Every structure is written in C-alpha cells, then in structure tokens.
Amino acid sequence: MKEFLAQGGYAFFVWGAYGMAALLLIVEVVVLARRRRTILTRIGRLVRMRGAKTP
Amino acid sequence: MKVNWFKFAAPANFYPVAGWLVSVFAVLAAAAILIGLYWGFFETPSVLGGTNPQKEYYRIIFIHVPAAWMSMWLYLVLAGWCAIGLVFNTRLSYMMAAAVAPTGAIFTFLALWTGALWGRPSWGTYWDWDPRLTSELILFFLYLGYIALHSAIDDTRRADKAAALLAIVGLICVPVIFWSINCPDPTQCAALHQRSSLSQMESNILSSMLIMAFGFWMYSFAAAFARLRGIILEREADTAWVQELATKEARR
Amino acid sequence: MLQVVDLACRRGDRRLFSALGFALDPGVLLHVRGRNGSGKTTLLRALCGLLLPEQGTIRWRGEDIRTLGDEYHGDLLYFGHLNGIKGDLTGIENLRIAATLDGDRIDTDDLWRALARMGLEGFEDLPTRMLSQGQKKRVALARLVLSSAPLWILDEPFTALDKDAVVLLQTLIANHVDAGGLAILTTHQEVPLTSGRIQRLDLGTGFDTEH
Amino acid sequence: MLQVVDLACRRGDRRLFSALGFALDPGVLLHVRGRNGSGKTTLLRALCGLLLPEQGTIRWRGEDIRTLGDEYHGDLLYFGHLNGIKGDLTGIENLRIAATLDGDRIDTDDLWRALARMGLEGFEDLPTRMLSQGQKKRVALARLVLSSAPLWILDEPFTALDKDAVVLLQTLIANHVDAGGLAILTTHQEVPLTSGRIQRLDLGTGFDTEH
Amino acid sequence: MGRAFLSLLRRDITLAMRRRTDVLTTLFFFVIVVSLFPFGVGSEQQILRQLGPGVVWVAALLASMLALERLFAADYEDGTLEQLLLTRHPLSLLVLAKVTAHWLLTGLPVVLIAPLIGMQYYLPETAIVAMMLALLVGTPVLSLVGAIGAALTLGLRGGGILLSLLILPLYVPVLVYGAGAVTAAFTTPAESQPYFYLLGAFLVLSLILAPLASAAALRISLE
Amino acid sequence: MGRAFLSLLRRDITLAMRRRTDVLTTLFFFVIVVSLFPFGVGSEQQILRQLGPGVVWVAALLASMLALERLFAADYEDGTLEQLLLTRHPLSLLVLAKVTAHWLLTGLPVVLIAPLIGMQYYLPETAIVAMMLALLVGTPVLSLVGAIGAALTLGLRGGGILLSLLILPLYVPVLVYGAGAVTAAFTTPAESQPYFYLLGAFLVLSLILAPLASAAALRISLE
Ligand code: HEM
Ligand SMILES: Nc1ncnc2c1ncn2[C@@H]1O[C@H](COP(=O)(O)OP(=O)(O)OP(=O)(O)O)[C@@H](O)[C@H]1O
Ligand SMILES: Nc1ncnc2c1ncn2[C@@H]1O[C@H](COP(=O)(O)OP(=O)(O)OP(=O)(O)O)[C@@H](O)[C@H]1O
Ligand SMILES: [Mg+2]
Ligand SMILES: [Mg+2]
C-alpha cells in the first residue's frame, strides 16, 4: 500500500495530477447538481409569489 | 414511422430527454473511468525500459492525453453548435454551445496542469515554450474568451450570438495559430511534424489510456447535458411547463 | 406601405407586447403612446430592424424588411434617444456626412440653409460639443429638413427643445406627412400634432404609478 | 437664503449673461426660463459651484459658497442632464449609495418605499441599465423623496417622464417648497407649477428662430 | 458607395486631427513601451539586439489594441453608429472605411518610426528594413482582426480589457511571423522571404473576412 | 466619513463583481502579455530568465494603466462623478476609496499570480519571493499615481492613450526599482533590501499626495 502511494518516488506529480483531475471533475458535478436545484427552488418561489398576488 | 427530429429542437421537449441522457452517460463514464484507472495502476508495468525510459510518472498519461484530446474535440463541438445557431437561429444549439464551454475549459486546464506535472520529472521543468504546450495555452485563452464574453453580456440572446461569432472566428484562426507556433521557421516545417508516437506505446498502457479517453468523452456528454438542463430551466423560467415543474419539485 | 403582422417583442425576461398588428398608408402619422417602460422605444427599434423581434414580420411595400435589408434603410430615417452627432465636428460637417451617407447629393448652401432653418445661425461652425442640450438636438433634427426618406421614425423628438423649436418640428412633420410621407413618433409631451391623418397606438401599461 | 450678486458667466467665447442678481427666501420656487442655449444649464451649474463664474458671488445663508465648500454641498441636491445612476446597480443599491453619501441614515424599507412611490414596483431589483429612459429618470428622482437637503437644483427634471410621473414630481416639488425648502428648476414643458410662491427668471435670448 | 467610403474615412481622420494629440499618442505609447524595456532589462547590447524584434512587435500589438478599443466606442456612445447601421450602404464597407482610418492613424506612424526604434536596439540595417516591411504588411492585419473584437465588446463594462483577452491570442501568428521575419533578416535579407509571403496571405485573408465578421458583430452588439 | 469611504469602496467592488469577468480580465491581460514575449523573442531559457523581471513589471504597469483608464470614466459618463463632487465629504477621501477598490481588483490579483509567471520565465525561488513583495509594495503606487492621470484625461477623446503618455513616465522609477529588486534577489535576497526601502518611500509619498492631486484634477476636469 505504502509502495503504491509512493509511486516510485513520484507521488507528488502523479497524485498532483490525479488530485486536480478528481477535484475539478467532482466540483463540476456538485456545482451542476446544486445549480439545477437552486434554479428550481427560485422559480418555485417566484411562482408562489405571483400566485399570492393575483387573487 | 417518421420521427420528427425538429420536435426535439424545442427546449421543452428536449429537457426530459436530456435528463435521461445524463444518467446513461454518467453510468458509462463512471464505468470506463474505473476500469481505466484499475488497469492503468495495477496492470501496467511500473517502469518502461528501452528507448523511452519513463518511471511511474508515466501514469499521468491516463489523464493527460485524454484531457488534451477532449479539450480540442470539445472546441470543435462548441464551434459547431455556434455555427448551427447562427445559421438556423435555433435556441437549443446556442444552449448546447454554452453548456459545452466550461467542460472544455476544464479539460484544457487539466491537460496543461497534468502536462506541467509530467514535464517536471520528465524534462526537468514545469513549463517550456514547446509548440504543443503553447497551442494548448492559446486554446485555453480561446475558451476563456468565449466564457468571458458570454458572461459579460447579460441579454442572453445577444450574448449567445456574440460569443458564437467569437467561437467561429477562433475556429478559423486555430489552424493558423497552431501551425504558426508549430512552425516558427517556415523554411523547415516538415522536420517538426513527427512528434507523437502512439504506435510505440506498450499495449497495456495504450488500451487503458484509450479506455480513460472513452470515459472522459462520456463524462463530457453527461456534464454538458446536465448543464444544458440548468440552462434550459433558467431561460424558460417564465414558461408554464417550467413553473409547473418547479412547483412539483417544491412539493416533494 | 408599412405593415406589421403579429409582432411580439421581449426585453430581458419580460414580454412587452405580442400579437401587435397594424398597417400604415402613405400620408399618415402614427403616434405611439404608453407609459414609461411600456415598450415604445423597443417597438420603434424593431420597426427599424435594429432589434430582432421574438415573433412576427414587418413589411415595407409588401416585402419583409429582413430581406430588403439595406434597401429598406435607404427609405428610412430614425431618431433615437441619442442624437447621433459627433461632438468634435461642427454642425455643418455633421450634416454633410449624414447627408452623404443617406445618399443625398446636397451642396453646401443647402446645409447652411437647413441649419439656419433650425435656428442655429451663428452656431454652424462650432463643434457641437460646445452647444447646449437643445442646440445639439436641433443639429440632429436638421437632417429632417434635407431628408427625402419616405419613412420617419422619431423617438421622443421634442425633448430638450424650447417652444419655438417644438413648433418648427411640428411644421416639418406636418409637411412631410402632407407630402405623402409616413411618420411614426413617440412623445410624452402634449404636442398638438397638426397633420392631416393621425393614428394612435397605445401600448399596454408597463406598470402602475401610485400617488 | 440664496443670494446671487452681479453674476456673469462665459462659455467658450460668448458671455451668456452678466449683472445677474437675485435673492431667494425659504419657500420659494425659482423657474429659470430661456430659449435653447440661453445659459440655463450654465447658471445652474454655477449655482452648484461646479463652474467658476467669470464674475460675481453666490451666497448661501450669507456666506460665499466658495468658502463654504463641502458644507454647502451637504445642503444641496442637484440634478443635471445626466441621471447620475449606475447602470450596473439595481435601483435599491443606487439609492442606498446616494443616501449614504448624502449623509442620510436611511433604512432599507424607506428605500423600497421611495421607489414604490416613484412607480417602480417590481423594478427595484433590476440593474437600471435594463430600464427604459423614463424609468431610469424615475430611479434618479427617487432621491428627492428621501432628501432632507433644503436647496434643490433641477435641470429639466420633466424630460422623458410620462404624465403620471410629471404630476408626481410636481407634488414632490410643491411639498418641498411648502415645507420651507428652496427649489430652482428649468423646463421647456408647460408644466403648471403648483407651489405657493413662484419666481421667474428669464435669461436673455440666446438666438432667434425663424420659421 | 465609393463616396460613402471616402466620406466616412475623411470624417474619422478629421475627428482625429481635431484632437491633434490623437495621432501622436499611439505613436508615443509605442515609443514609450519600447523604451521602458531597457529600464527593466538592462542595456547590454547583445541582449537588446536579441530582444529587439520581439519587443517591437509586442509593443505594436499593444498600441494597436489600445487604440482599437475606441474604434467603435465613440460612435456607439453618441448614437452615430446606430445611424451607420441604418444607411443604404453595406455595413462591411463602412467598417472597412473605419478600419482604414484607424490604420492610417495608428499603424502607419508605427511603421514610419520603426527605424528609430531599431537603432535603439542595435539592430543591423537589413533587419531594420525587414522590420519596416513586416510592420507595413502586419499592422493592417492587427487592425482588421482587432476590429472584430472591438465590435464584439462594444458597450460592455471593462470592454478594453476584455477585448485584450479576446484578440491577443488571435494576434499570435502575426507576432510569430513578424518577429521571425526580422530575426531571419539579421544576416541575409533573402531568408525572410517566406515570412513575408505568409504575412501577405494573412493580410489578404483578413481583408476579405474581417469586415464581414465585424459587421455581423456590430449588428449583434447593437441589438 | 468612514461610512462614505466604505460605502463607495463597496460600491466599486460590487460593480466589478457584477461582471464577474472584470476581476479576472486584468489578471488575464497580465498573463497574456507576459506570455506573448516568448513568441516574439524565442524560448531560450537563459534569455527568458534575464527578461523575466523586466517583462513582469512592464506587464504589471500596462495592466494597471489599462484598468485605470476606466477608473473615473464610467462615473463621469453617467453623471455619478458630478454627484460625488457635490457631497459633504472631502473629495480626496472619495478618490482614495475608488483607488483602493481599483487596487484590490487589479493590483492584488497580479501580486498573487506572480509566482506562476516567475516559473514560466525560469526565475529562481528567491527572485520569485522578491517579485511578489516588490509587486505588493509597487502596484499601489501605480494605482495612486495613475489616478492623477486618469483624472486629468477625463472626458478627452483618446483619453486612454493620452493617459499612457502622461503617466508612463511617472511609472519609470517604480519600474526601475521594482525590476531591480527582483534582479538583485537572483543570488542573495539581502541585496534587494535597499530597493524595497525606496519602493516603500514611494508608497508613503503617493498615499499622501496622490489623492489630493487627483481630487484637484477632477474638479478641473468637470468644470
Ligand atoms: C502543459 C502542457 C503539456 C506538457 C508539459 C506535456 C508534457 C508531456 C510529456 C512529458 C509527455 C510524455 C511523452 C514524452 O516524454 O515525450 C507527453 C505526452 C503526450 N502529450 Fe503532452 N504535454 C502537454 C500538453 C499536451 C497537449 C496540449 C497535448 C495535445 C495536443 C498533449 C498530448 C500528448 C500526447 C498525445 C502524449 C503521448 C504521446 C507520446 O508522446 O508518446 N500534451 N506530454
Ligand atoms: N462645453 C462648452 N463649451 C463652450 N461653450 C458651451 C459649452 N456648453 C455650452 N456652451 C455654450 O453656452 C451656451 C449656453 O449653454 P447652456 O447649456 O447653458 O444652455 P441652456 O440654456 O441650458 O440650453 P438648453 O435649453 O438647450 O439646455 C450655449 O449657447 C453654448 O453654445
Ligand atoms: N437593455 C435592456 N435589457 C433588458 N430590458 C430592457 C432593456 N431596455 C429596456 N428594457 C425593458 O423593456 C421595457 C420597455 O423599454 P422601452 O425602452 O421600450 O420603454 P419605453 O416605452 O420607450 O419607455 P420610456 O417612455 O421610458 O422611454 C422596460 O420596462 C425595461 O424594463
Ligand atoms: Mg423610450
Ligand atoms: Mg440645458
């Protein structure tokens, strides 16, 4: 295990690369999921506000 | 039976289709990336001998090369949607373009970042003004230009068209730029063209890299469609179907 | 001559008007009315082809203005909220360039006469940046004196003008319409429009004012 | 309260007016009239201290405004031909900053009320660049609702406003004057000014219009 | 059509001449940027000579770009651009007139002052001649390509700096071959010929495409 | 008074944030200008290292200057500047608020990205640290001094380029000592100390004088 993590002494480079890749992709996925939800709740609020005003 | 493809060009109809596509591509991407990583880390020799003495850091190749490929491919996709949008004036294609751009920029950045981390152990420097690296940097600037212009204009219709025009101008310029950097001395261009040597690669490495590339490709699809769904919702906020959807989601 | 069919325009995320349709014959003055923010400027810009409407077509002499393109522009004279004159050029220079670009061949005497007609005698040779608000507007409006375009589209042309200039502009518009031209204008001021045939178009209220 | 003695202003190489003198007591509305280019804007800017007059002094509560400096500015509210609002900020934000810089401590509810008073309900949260010409003007004028400055100087405040807004603005000015404030304004429109005491000042004709 | 072209060209030149500084300032900007470098880098003859072509071209790029920012902006703000859109003439022709005026006022002076700069950087004579020629062919390309960016960023806040983000990457080929031509001419002038062919090709290409693209961008920006 | 300062500072930052790109674009301009040079000069490590400090400082100068152009211009055009003049607060305080916002948005990001640039130019680590410090002290001076020029050229056509003519010469001392500090730190960090003292002195001086001068210039420009 230790050996695997060490990557033959090049841990910084290998994990640096993979770390950044994982970070960016995960952040993108999270941001995308969150964005959809915030948009929907915002629109929902707008609809409710409008609904309250008309009667 | 005749399928009316134009029906799907309406955002309202495409929204549920996109939702379905997202899950399909996400599953494919996850599978390919997991397989590729396993193969890449455990089934490839840790030291390459012969003409290409690389150590463990060659494992960066499994993200470096796929990311570089995706960065270029996605720019083509971006420009393609932009061109379709400008010619046929379809809203959905502009939305597609806007959905692809950030993912493309991310992959471009990844190619640069991983390349830099590879360059240090391999060439002894993080950065070099090598043609390939430089043109990737310029591609990054083109992506950023598209995104920056799009977000600087807040009338979405205008933003779509202006950014689309920029992407296409960029596309016309890309070959010129690429070639000018690759060939700073026009009298000796021929000598500079042989560089990549995919065929000499160890077959295990090659196949896991190709699997990773496939995974990244599927990931791009998934991310683009997911973003597209958000964009559709944002832009169609005052239509009945979005409002219905929003109230339904809120109740849940 | 000008025909508008089922027009709808959107600004930002609000639809301003839809299913708007009207037809104008030569010799008509159309007065577009509506509150602040009701979409008058938007409508006029769409009629010029400066803004792509969300839906609907605009026809000039039976043809879509999108296909007519520059040909339509040749028949059109538009005044927006901005004056469209260069502050660094004199009144004469501004007018000469505007006339040349309009394709009118006009000699210098005509230019001087037009400016004099607008009450700018003695100011023709000053860079327009040195003029007062109303004088700038007068320079811009001098184009109306020279223009041979059949269609005038004027967005609030009376602002900043003093009483004399308002009367003068009314006369110009009346003459244009009486000679078979077409004019479309907006104004909040109560200006008695003295032309033969006036049509009115009321745009939906943008919002309500309480007081 | 405001006293003008032997004022002369020059713009470019023309003297616009000279030996101008008047004094205004609290509760007076001064209507400055004159043709385009007669020097109304110039006079107003000189009264604000934005423009150094060629000759003469302007006194506020007995002291020269040059020596009063920023203290005078605290008592003053000026509207020029430009609106003085940022297109990228919303109406609320614009108003809040203006109020803070004026030194008024105003809570957010007051801001919303002021905009509602100006008929901008529903538009408070939009960047003002997305508003129509008249709506922008309304945002700018909302400062009048909040202001506690005794001296208002307004250069053509009625342009671009629709009828409702004109009436509203008239009411605001009348209230201000009735409460002992001072207002100086120019306008070409025939607006019946409904305040108690109105003084009129006619600036010499800038030039003549023939028609 | 020719009359409209000429009239607009003359207008823009008159406008610049009215503020006499306008013409000179681009030039001075160029000269100052070029002269700043020795302060930062030191004044060793060998280094400066190597730097010369690159610095001159980067400075020319920046000067062209800086002036470009105002290419349409002034017309946009006072409403004359709107009026240009509504004339009977093809917009791309009018754009070409404006770009021509812009080049005459900013590109040409840079070409003419180049020999002086070359001397500051101890360039050999052959290189100086090549530099003038390269600038003569290259700077119009900069103006033409930049016009697209200027049209796209019209009326946007922070337009100037956004403009640089958009068009500087597109300037790279001109920079590479422009500077390459000068460096190649250090010894024998003949060696720089291929560079000139390429620069010429860029010029032809951008003369054809850039006015069309700028016109389209203007229409979008004014919507 | 503090409230007015903060409120204006917050306003300017909000304005920039509204267009999220605004903050990033200055940065990218800087990065792009720095990246252009290798295209013109070639990519030899030895040359680039020598160029590094000079290029970084010249690019910082230009980035700061370009953004400065709009420091007062936007407020001038929409009439808010007029209103600022007519508040009860001293104008120099308000100017200082605007300059502070400007530096936070343009100077600070440049300082933070400097290490990356240093690597592109193969600078040694000591030099990179010195570069960051020098930029941290030097860029506020650029903003402060530039504000005077921005105020003077307000409302003039071709202001941007006139501005550069006025203030670039004033920037030269900062450039010389800033680049000097970096070069001196190539070997031993201690050698660059005197440069830092000088830069610090410039900063104090300009903090005191520049707001006053800019305020005076604004009053003249608006008359
Ligand atoms: C910061 C940028 C980059 C750096 C530092 C970098 C570095 C490297 C290194 C060190 C290798 C190992 C192969 C060798 O040693 O020759 C490599 C391989 C490769 N790179 Fe990059 N690269 C960068 C950007 C790019 C870009 C933009 C592309 C795509 C156009 C790319 C495509 C490839 C490919 C296809 C290979 C594998 C093929 C082979 O040479 O065997 N790289 N890269
Ligand atoms: N910046 C300037 N430089 C030189 N002269 C100017 C300048 N601005 C205005 N003038 C001159 O001063 C005179 C008065 O201008 P001013 O703007 O005060 O007029 P006004 O009464 O406000 O007119 P309007 O009703 O058109 O607004 C004008 O005749 C004009 O020629
Ligand atoms: N650039 C823009 N972006 C988004 N929305 C806009 C824009 N310009 C105007 N609008 C919106 O469009 C509506 C109509 O604007 P328009 O300028 O057409 O009104 P108008 O009838 O001319 O009003 P006014 O009498 O005040 O000139 C306004 O309510 C405004 O909110
Ligand atoms: Mg309007
Ligand atoms: Mg006036």
Side-chain angles (χ1 to χ4, degrees), chain C residues 11-14 16 33-42 80-82 113 116-123 126-127 129-139 155-156 158-172 186-191 205-211, chain D residues 11-14 16 33-42 80-82 113 116-123 126-127 129-139 155-156 158-172 186-191 205-211:
Chain C
R11 248 9 195 111
D13 43 54
R14 273 199 328 137
L16 291 176
R33 298 190 298 185
R35 295 195 166 165
N36 287 144
S38 54
K40 301 180 296 298
T41 300
T42 310
H81 282 298
L82 297 167
R113 258 195 299 278
R117 178 92 195 274
M118 293 310 297
L120 286 169
E121 247 162 9
F123 292 89
L126 278 180
R129 124 187 73 84
M130 296 203 177
L131 299 179
S132 81
Q133 202 74 1
Q135 288 170 325
K136 281 179 199 154
K137 193 92 188 185
R138 286 174 184 229
V139 172
D155 197 356
E156 304 206 20
F158 294 106
T159 52
L161 294 181
D162 62 17
K163 280 166 225 158
D164 291 341
V166 166
V167 173
L168 176 61
L169 181 54
Q170 282 173 324
T171 326
L172 282 177
T186 68
T187 171
H188 291 299
Q189 271 160 284
E190 282 297 341
V191 212
T205 46
F207 54 95
D208 295 298
T209 319
E210 51 162 319
H211 44 196
Chain D
R11 258 347 209 124
D13 43 56
R14 277 202 322 141
L16 292 175
R33 299 190 298 186
R35 294 193 167 168
N36 286 145
S38 54
K40 299 181 295 300
T41 300
T42 311
H81 283 297
L82 298 167
R113 259 195 299 277
R117 179 92 196 273
M118 294 309 297
L120 286 168
E121 245 162 11
F123 292 89
L126 278 180
R129 126 186 70 83
M130 294 202 181
L131 300 179
S132 80
Q133 204 74 2
Q135 289 170 323
K136 281 180 199 150
K137 194 91 189 184
R138 286 173 184 228
V139 172
D155 199 355
E156 305 207 18
F158 294 106
T159 51
L161 294 181
D162 63 18
K163 279 167 225 158
D164 291 340
V166 167
V167 173
L168 177 62
L169 182 55
Q170 282 172 324
T171 326
L172 282 178
T186 68
T187 171
H188 291 299
Q189 269 160 285
E190 282 299 340
V191 213
T205 46
F207 54 94
D208 296 298
T209 320
E210 51 163 322
H211 43 192

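We use all heavy atoms of the structure for the numbers below, so side chains are in, but hydrogens, waters and symmetry mates are not. Labels below follow one simple rule: chain letters A, B, ... track the order of the sequence lines, proteins then strands, and each chain is numbered from 1. Because the structure is predicted, anything quoted here is derived from the model rather than measured.
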Next item on the list: May I ask you to name which of D:K137, D:Q133, D:E156 has the most heavy-atom pairs under 4.5 Å with chain C?
Entry: D:Q133
Next item on the list: Could you pull out all residues at least two apart from C:R33 that satisfy salt bridge (charged side-chain N to carboxylate O under 4.0 Å, His left out)?
Entry: C:D202
Checklist line | Shortest non-hydrogen separation from C:Q135 to D:N36 and the atoms involved | finding: NE2-O, 3.9 Å
Margin query: Working to the nearest 0.5 angstrom, can you tell me the gap between C:T186 OG1 and D:D162 CG?
Written below: 12.0 Å
Next item on the list: Just jot down the side-chain contact (heavy atoms from CB on, under 4.5 Å) partners of C:T41, sequence neighbours excluded, or say none.
Entry: C:R45, C:H81, C:D155
Next item on the list: Return the minimal non-hydrogen interatomic distance between D:G37 and C:S132, and the atom names on each side.
Entry: N-OG, 3.1 Å
Item checked: Interface residue of largest heavy-atom contact number with chain D, from C:T159, C:L131, C:L161, under 4.5 Å -> C:L161
